[in-house]
Protein chains: 2
Amino acid sequence: MWLRMTKTLERREKLRVDLIRAAEQMIAERGLAGLKTRDLAREIGCANGAVYNLVTDVDELVLRVGSRTLHRLDEALSAAESAGESSPQETLVRIAIAYCDFAAENLELWRALFEHRMAADKVLPDWSVNDQLQLFRHIYHPLAQLFPKRSQEELGVTARSLFSAVHGMVALGLEQRLVAVPLPALRKEIANLVRAMIDGLVARTK
Amino acid sequence: MWLRMTKTLERREKLRVDLIRAAEQMIAERGLAGLKTRDLAREIGCANGAVYNLVTDVDELVLRVGSRTLHRLDEALSAAESAGESSPQETLVRIAIAYCDFAAENLELWRALFEHRMAADKVLPDWSVNDQLQLFRHIYHPLAQLFPKRSQEELGVTARSLFSAVHGMVALGLEQRLVAVPLPALRKEIANLVRAMIDGLVARTK
DNA sequence: CAGGAAACTTGAACAACGTTCAATGAATTT
DNA sequence: AAATTCATTGAACGTTGTTCAAGTTTCCTG
């Protein structure tokens, strides 16, 4: 009896995957605000209301796309972490540049990660929270090499600060609103400031 | 003939001011997404459609509120710039902390500055762009003292980078989504990283 | 001051949105 | 083959921002 239901279940699962893919593409092309359930339904070939059989909310849909984005970002940072020379300083610089490049190449999807706000009463699902926390681990390892005396919590705080600082530079740097900063200049500035931050942190803890 | 029109003009002007004030309060209380024209109209005592006699768009309304927020932020940063001892390093730290405090105390209004996205085809009015560029000047002066050899453009770039880095720490630090960072800890981390950045930048240019 | 012209205000109406749900249709069991 | 259970549909609802013909008020002129 249970095995016989696979027909509809498979169909549903395929549709759900299609839906998330379509949503991803739509956000990439038209931004988070350009995501419309009716267009999605037309895209994957189902009724408007059917979207809510695959996903409870647009919120959930955005979070699912966000999860995919975060995983791709994670891969990009992983690659930057292992590639090249292994001095902790330069590893951190590579990671920062990789973050910048990823944001530039996936602008709307990356923006959606931060632009999206859910209703205050709804809570983030666990899988989404975990996705986000994984990001800091890339910074954590090189930092641990640089500051062997620091505790786990201290390193976590520093990792978060460094990540946030780079994030800020990327976020405001890629903003078209003000003067558009050319990407190469932005990369250079990021590398510069990351090196300065690390130098400063190292000198400061001696 | 022109002087006779003051009756309606005054009324309009008063209404416009009321509208912006009401919008400001509404954003502060309910966030940018909680801003509704019908509620605004009820608040200031006019018809729903009348909002569009005072302002062409909600976009313009948000920008006008943003302008007010930016001016208050400017004052807060000015106060931090002049108060206390005058070593450039500590001045920059004070400015960063002031930025953090302002964001925390004006959370939704400050968020609205960055969350708001206009349709891609519409262009930012000049007054809005100018408002934003003014912010960097607070950082510019202490930086110029620290790096007397640098050109105006170089200083501008560095000022922007520093501002962006602090902005990132504040933005991610005040995000409730992930682990909520207690404000005192955030302030401490910001002060720490700003000092490190400056130390690093100074050491790096020698 | 009268009365027509000009300008302003109004709220009903429109289009677009996310979301719901009775009704239709398909799949599974008996 | 009939009955029952479940999935899908698209029309309908409640909210949005925005528009605009109609109604009011204000203004200028004779």
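Note on naming: letters A, B, ... go to the chains in the order of the sequence lines (proteins, then strands), and numbering restarts at 1 for each one.
- How far CG of B:Asn53 is from CG of B:Leu19: 10.5 Å, rounded to the nearest 0.5 Å.
- One can place OH of B:Tyr52 at 4 Å from P of D:dT18, the figure rounded to the nearest angstrom.
- Between the P atom of D:dT15 and the NZ atom of A:Lys36 lies a distance of 19 Å, rounded to the nearest Å.
- Atom CG in B:Leu19 sits about 15 Å away from atom C1' in C:dT9, given to the nearest Å.
- When the P atom of D:dA7 is taken as reference, atom NZ of A:Lys14 falls 19 Å away, rounded to whole Å.
- Put simply, CG on B:Leu40 is 16 Å from P on C:dG11, counting in whole angstrom units.
- Per the geometry, CG belonging to A:Asn53 stands 11 Å off C1' belonging to C:dC21, to the nearest Å.
- Atom CG of B:Asp18 and atom C1' of C:dT9 are 16 Å apart (whole Å).
- With rounding to the nearest 0.5 angstrom, the CG atom of A:Leu186 is 8.5 Å from the CZ atom of B:Arg160.
- In this entry the distance linking CZ of B:Arg16 with C1' of C:dC8 reads 13 Å, nearest Å.
- Ring pair A:Phe163/A:Phe136 is perpendicular by interplanar angle, where above 60° counts as perpendicular and below 30° as parallel.
- Position along DNA chain C of the nearest nucleotide to A:Asn48 versus B:Gly49 favours B:Gly49 as the more 5'-ward residue.
- Using a 4.0 Å cut-off between charged side-chain N and carboxylate O, B:Arg64 and B:Glu60 make a salt bridge.
- Among the protein residues, B:Leu61 comes within range of no part of the nucleic acid, since none of its heavy atoms lies under 4.0 Å from any strand.
- Between A:Thr56 and B:Arg38, the residue whose closest nucleotide on DNA chain C is further toward the 5' end is B:Arg38.
- Relative to the side chain of B:Arg12, the nucleotides D:dG17, C:dT10, C:dC8 differ in distance, and C:dC8 lies closest.
- Backbone-only contact: B:Leu35 has heavy atoms under 4.0 Å from sugar-phosphate atoms and none from a base.
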